[in-house]
There are 2 protein chains.
Amino acid sequence: MPVDTPTRRTNNRAQLLLDAAASLFALKGYASTTVRDIAAAASMTPGAVYVHFPSKCDLLVEVYKEGVRRVTERIESSTLGIHCPWKILESALTAHLEAILDRSAYAKVIIRVLPGDVGQAGPALAALRDGYESKFRRYVEALPLAPGIDSRLLRLLLLGALNHAPVWYSDQGEEPTGIAAAAVQLIRGGASSVEQVA
Amino acid sequence: MPVDTPTRRTNNRAQLLLDAAASLFALKGYASTTVRDIAAAASMTPGAVYVHFPSKCDLLVEVYKEGVRRVTERIESSTLGIHCPWKILESALTAHLEAILDRSAYAKVIIRVLPGDVGQAGPALAALRDGYESKFRRYVEALPLAPGIDSRLLRLLLLGALNHAPVWYSDQGEEPTGIAAAAVQLIRGGASSVEQVA
DNA sequence: GTATAAAGTGAACAATCGTTTACCTATTGC
DNA sequence: GCAATAGGTAAACGATTGTTCACTTTATAC
């Protein structure tokens, strides 16, 4: 009867390790983070890490998976009940921004660690990342765009703009909500003070 | 008579090392690049590196400096003779994009290696990066922007959008010129097919 | 030619890396 | 109780890291 009784040996130490790894990968990158660092952050011995994960690389892949899962969940729940495609996009971008700014170290890892940095696991990570970005593909393609606007390019520019926020964001400035709103306003109506001639 | 005669011992080996370091830092990041890798790429011995640079960290700082110098130069020369502020911005963005996409590994290092990754030299790198981005501050502030548009936010979003291009760019798609033009068009006139209500 | 100094070699340094091993501990199923 | 097993420790493994050192090579200045 493998039910979770209070006395049953809890195996949430693996989750603790994942949390520690996510924080450190997000902070220092993959190569600069040591297995010993991760173990220490989880109050464990380096050897104990390998009881739960076969390698440092696998640890990153699991963090990546969990990160994608969490952000996807946040985005989908944040867009529920909204019908205006612009508002849907804005909500999704806000959720995305909040995730990569402070809420979850997992999300930060996704945009901090490039798939190419991990050697063998590169393709797997790239696939996870693509799966996540495909959400936004639908949001952008649902927009009533003027003719001549490349929706793919629009999506890539938009995500790139927000993904760089961790570099310059500070608590004193604009809130994530405001940043996402400004981004949507920009690409929706433009920033020029005069109407553009065709 | 320390004139550069053809027979004079050339000290362009340091430049060769810088080139090799720039390529490798751009490709694999700072932590994953080995001093031995750099030396081998320059057809030298690891020990010879320390004849020209006191440490791996200094090597990165020099690459950073050179990168900022080159991109700044390209941007300034590309905007010469243009008067329309939107066209100036577009030219500058095109030069920036070309630099970080293929032309110069030096520029790629600037957006690939985060100042925080190098420990002590972090502030110095951040200062160099800021000096470079201040160019764009002037270009953006020269635009005739609609009231309520935050020029700082606009600049950060714009640069972020382009700085992510190395992740998704492929030779088959749009050229750097087209990407920069699309970005300017987007933020200038917007992408919506219908006029936005105030 | 010869002294000088820069450029470069090759081996070694201590430190640290990811990972493995042998051993211990404590909980679980029966 | 008792074997079984997952979880964890301490120490060590070989490989690799940035860096140094003693020594040679080579081009220049005089």
Side-chain angles (χ1 to χ4, degrees), chain A residues 1-22 24-25 27-64 113 117-122 125, chain B residues 1-22 24-25 27-64 113 117-122 125:
Chain A
M1 198 199 287
V3 184
D4 257 9
T5 66
T7 56
R8 177 177 175 75
R9 184 147 30 150
T10 54
N11 62 338
N12 53 1
R13 308 278 310 219
Q15 185 61 46
L16 219 150
L17 266 176
L18 265 187
D19 288 347
L24 288 169
F25 286 152
L27 185 67
K28 312 199 300 176
Y30 179 72
S32 298
T33 299
T34 298
V35 174
R36 286 170 175 82
D37 289 342
I38 299 172
S43 305
M44 294 171 69
T45 308
V49 174
Y50 292 86
V51 171
H52 303 278
F53 301 95
S55 73
K56 178 188 176 186
C57 181
D58 283 86
L59 200 38
L60 175 73
V61 172
E62 292 307 313
V63 169
Y64 232 82
V113 179
D117 291 355
V118 202
Q120 12 165 341
L125 300 186
Chain B
M1 196 202 287
V3 184
D4 255 10
T5 66
T7 55
R8 177 175 176 76
R9 185 149 22 152
T10 55
N11 61 338
N12 54 1
R13 307 281 308 216
Q15 184 62 46
L16 219 148
L17 267 176
L18 265 186
D19 289 345
L24 288 169
F25 286 152
L27 186 66
K28 313 199 298 174
Y30 178 72
S32 299
T33 299
T34 298
V35 174
R36 286 171 175 81
D37 289 342
I38 299 171
S43 304
M44 292 170 71
T45 308
V49 173
Y50 292 85
V51 171
H52 303 279
F53 301 96
S55 74
K56 179 189 176 186
C57 181
D58 283 87
L59 200 38
L60 175 72
V61 173
E62 291 308 312
V63 169
Y64 233 80
V113 180
D117 291 355
V118 203
Q120 13 164 338
L125 300 187

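All chains are named by letter (A, B, ...) in the order of the sequence lines, taking the proteins before the strands, and each is independently numbered beginning at 1.
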Fill in: Euclidean distance, atom CG of residue B:Leu59 to atom P of D:dT19 [Å, nearest integer]
10 Å
Worksheet item: Atom CD of B:Gln15 and atom P of C:dA7: how far apart are they, to the nearest Å?
Response: 15 Å
Worksheet item: Distance-only, no hydrogens or angles: does the B:Ser55 side chain make a donor-acceptor pair with backbone N or O of B:Asp58 under 3.5 Å?
Response: yes
Worksheet, complete the sentence: To the nearest angstrom, the CG-P distance between A:Leu24 and C:dG18 comes to 12 Å
Worksheet item: Hey, does the side chain of B:Tyr64 reach the backbone of B:Val113 with a donor-acceptor pair shorter than 3.5 angstrom?
Response: yes
Worksheet item: Can you tell me how far P of C:dG18 sits from CZ of A:Phe53, to the nearest Å?
Response: 15 Å
Worksheet item: In whole Å, what is the span from the NZ atom of B:Lys56 to the C1' atom of D:dT19?
Response: 12 Å
Distances under 3.5 Å only, N/O to N/O: pair up the protein atoms with those of nucleotides 8-11 of chain D.
unit_1, atom_1, unit_2, atom_2, d
D:dG8, OP1, A:Arg13, NE, 3.2
D:dG8, OP2, A:His52, NE2, 2.8
D:dT9, OP2, A:Thr45, N, 3.1
D:dT9, OP2, A:Thr45, OG1, 2.8
D:dT9, O5', A:Thr45, OG1, 3.0

Worksheet item: Base, sugar-phosphate alone, or nothing: which one does A:Thr33 contact when heavy atoms must sit under 4.0 Å apart?
Response: sugar-phosphate
Response to the item:
Of all heavy-atom pairs linking A:Ala21 and A:Val63, the shortest is CB-CG2, 4.1 Å
Practice prompt. Rounded to the nearest angstrom, tell me the gap between atom CD1 in A:Ile38 and atom P in C:dG18.
Written response: 8 Å
Worksheet item: What is the distance from CZ of B:Arg36 to P of D:dT19, rounded to the nearest Å?
Response: 11 Å
Worksheet entry | Short side-chain to backbone donor-acceptor contact, A:Thr33 and A:Leu24, under 3.5 Å | yes
Worksheet entry | Donor-acceptor contact present, side-chain B:Thr45 to main-chain B:Ala48, <3.5 Å | no
Worksheet item: Which whole-number value in Å describes the distance from B:Tyr50 OH to D:dT20 C1'?
Response: 9 Å
Worksheet item: Looking at B:Ala20 and B:Ile38, what are the two nearest heavy atoms and their distance?
Response: CB-O, 3.8 Å
